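These figures come from a predicted structure and were not determined experimentally. Just so it is clear, the values below take in all heavy atoms, side chains as well, and ignore hydrogens, waters and symmetry mates.
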Amino acid sequence: MTVAFLAWYLLYVVLSGWARGFMGIKLLGDINVGLVLGLLQFVSTFWIAWAYSRHAEKKLDPIADKLRHEVEEKTQ
C-alpha cells in the first residue's frame, strides 16, 4: 500500500512539473485536472488510514491484547 501511494503521489508531482497542459485541462468551470488529482490525493490518504484502522482493529489489536495480558500476568 505504501509503494502504491508513493507511486501515485510521485505521478502527481511529475505531471504537475512536466505535463502542465494536461493538468490545466478544464473539467467543469474553473476546476481542472490538477485540482481534481490534488483533491484525490487527500481522499486516498484518508482511505488508506481508514483501511489500515480496520485492518489493525481486526487483526493486530487482538494479538496486542493477548500479548499485553500475558505480560501483565507474568509481572503480577
Side-chain angles (χ1 to χ4, degrees):
M1 187 64 71
T2 301
V3 171
F5 179 77
L6 289 175
W8 158 236
Y9 177 73
L10 182 61
L11 175 67
Y12 176 74
V13 171
V14 168
L15 287 174
S16 295
W18 285 283
R20 292 180 185 263
F22 172 71
M23 296 292 270
I25 295 173
K26 296 204 183 241
L27 299 175
L28 183 65
D30 288 333
I31 299 173
N32 60 24
V33 172
L35 181 61
V36 171
L37 292 179
L39 291 174
L40 287 174
Q41 291 285 320
F42 286 101
V43 172
S44 63
T45 299
F46 287 112
W47 180 80
I48 290 169
W50 173 79
Y52 178 77
S53 174
R54 288 194 50 183
H55 167 73
E57 186 177 335
K58 289 181 181 179
K59 303 285 183 180
L60 303 178
D61 288 351
I63 296 169
D65 288 340
K66 180 182 174 192
L67 287 172
R68 182 173 31 110
H69 289 300
E70 289 175 6
V71 170
E72 287 175 351
E73 286 176 2
K74 290 180 181 179
T75 58
Q76 291 179 355

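- Partners of Glu72 according to the side chain to side chain contact (heavy atoms under 4.5 Å, CB included) rule, which considers only residues two or more places apart in sequence or in another chain, are Arg68, His69.
- A search for side chain to side chain contact (heavy atoms under 4.5 Å, CB included) contacts involving Ile31 returns Leu35, Val36, not counting sequence neighbours.
- With sequence neighbours excluded, the residues forming a side chain to side chain contact (heavy atoms under 4.5 Å, CB included) with Val14 are Leu10, Trp18, listed by chain and number.
- Across all non-hydrogen atoms, the minimal contact from Leu37 to Phe22 is CD1-CE2, 4.5 Å.
- Sorted by first and then second residue, the side chain to side chain donor-acceptor pair (under 3.5 Å) pairs involving residues 36-56 (not counting sequence neighbours) are Trp8-Ser44.
- Connection of Tyr9 to Val3 is not established within any shared hydrophobic cluster, with ILVMFWY side chains joined at heavy-atom distances below 4.5 Å, either directly or through further cluster members.
- Met23 and Leu27 fall within the same hydrophobic cluster, where Ile, Leu, Val, Met, Phe, Trp and Tyr residues are linked whenever their side-chain heavy atoms come under 4.5 Å apart, directly or through other members.
- Residues passing the salt bridge (Lys or Arg N to Asp or Glu O under 4.0 Å) test with Lys58: none are found, sequence neighbours excluded.
- Within the structure, salt bridge (Lys or Arg N to Asp or Glu O under 4.0 Å) contacts touching residues 16-28 (residues at least two apart or in different chains) are Lys26-Asp30.
- Taking all atoms of both residues into account, the shortest heavy-atom contact from Pro62 to Ala56 is CD-O, 4.3 Å.
- Scanning for side chain to side chain contact (heavy atoms under 4.5 Å, CB included) contacts around Leu67 gives Ile63, Glu70, with sequence neighbours left out.
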